[in-house]
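Structure, as structure tokens:
Counting starts at 1 for both ligands and their atoms, in listed order. As a basis for the values below, the full set of heavy atoms in this structure was taken, side chains included, without hydrogen atoms, waters or symmetry mates. Positions are given from 1, in the same order as the sequence printed here.
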Amino acid sequence: MIKRLRVLEIAGAQVQVFDTPANASEAAASDVRQAIRISVQATGKAVLGLATGRTPERVYAHLVESHRAGSLSFRGVSTYNLDEYYPMGPLDPASYRTYMHRHLFGHVDLAPNRCHVLDGTVPEAFAADHCAQFDRWIAAEGGIDLQLLGLGRNGHIGFNEPTNLPLERAVGLPTRGVDLHAVTIFDAAAEFGGEANVPRRALTMGVATILAARSVVVLAFGEAKAQAVAASLQGPITAEVPGSLLRTIPGKVAWMIDQAAASRIADVGL
Ligand code: F6R
């Protein structure tokens, strides 16, 4: 039994607070395993939306462990990653394709033509087509069963960065090319050996694509995420805080966070 300190209901979202990131990751891995099993049993397939970054690393480690133990197969599973830097070669050590290979794809029985990461090598003139095609592939699969998300310090989901778009436009944003926010570039600096080397652009799954998932698990760990978590859950629903847009799909989102990330949620007494 994984130790949850609290389970809160905030604005239609379930918020599970754990004592450690390790326990939150174990719970998230358990949700992913269950989503795969239920969906494969019901329809013969499962579609996962996946995140990269530091936060989900332990979730992937648990999934790989379950696969090695013989208790989890990815046959019938398709995956769609949230984002990729642009331009970016798939074999670049800093690419999200490489990250996924290192943490998951290289260790489980996922068919190579079912692990989809936006292509950072697509020519500029065809990037928009490629992104639209990514959304069509997801739609043709019947949509995403479970979307795993991290949260940027600036509240971004995928690389949907804070903007001043009106809400109705923000929730309709498709998969597309974007400029990265200064906070995102700063936070990626270590991966690239300095801020100057971080690509300024990326391709990201759209807000609309994320919101269309049948269920969403958001992970956030550490004090550095506390402000973005509180703003997403309790601030105004606005494109300035992309995480807050998840409140437009009540009943579908589970936040799995540690105590430090929960520390600025008001009136929770943590
Ligand atoms: C990664 C992604 C980003 C990260 C977020 C948090 O695919 O889409 O939104 O989830 O930037 O990154 P970490 O986990 O490194 O703090």
Whether Tyr85 and Phe192 hold their rings parallel, tilted or perpendicular, with breakpoints at 30° and 60°: perpendicular

Is the backbone N or O of Leu151 less than 3.5 Å from a side-chain atom of Lys225, with the two atoms forming a donor-acceptor pair by type? yes

Check side-chain hydrogen bond (donor to acceptor under 3.5 Å, both in side chains) between His107 and all other residues, then give those that pass, not counting sequence neighbours. Arg68

Enumerate the protein residues lying less than 4.0 Å from ligand 1, judged by heavy-atom distances, in chain and residue-number order. Ala51, Thr52, Gly53, Arg54, Thr55, Leu82, Asp83, Gly150, Leu151, Gly152, His156, Gly158, Lys225

What side-chain donor-acceptor pairs closer than 3.5 Å can you find for residues 165-174, not counting sequence neighbours?
none

Less than 4.5 Å apart, any side-chain heavy atom of Leu203 and any of Arg176? no

Name all residues meeting the side-chain hydrogen bond (donor to acceptor under 3.5 Å, both in side chains) criterion together with Ser78; count only those two or more places apart in sequence or in a different chain, and write none if there are none. Glu141

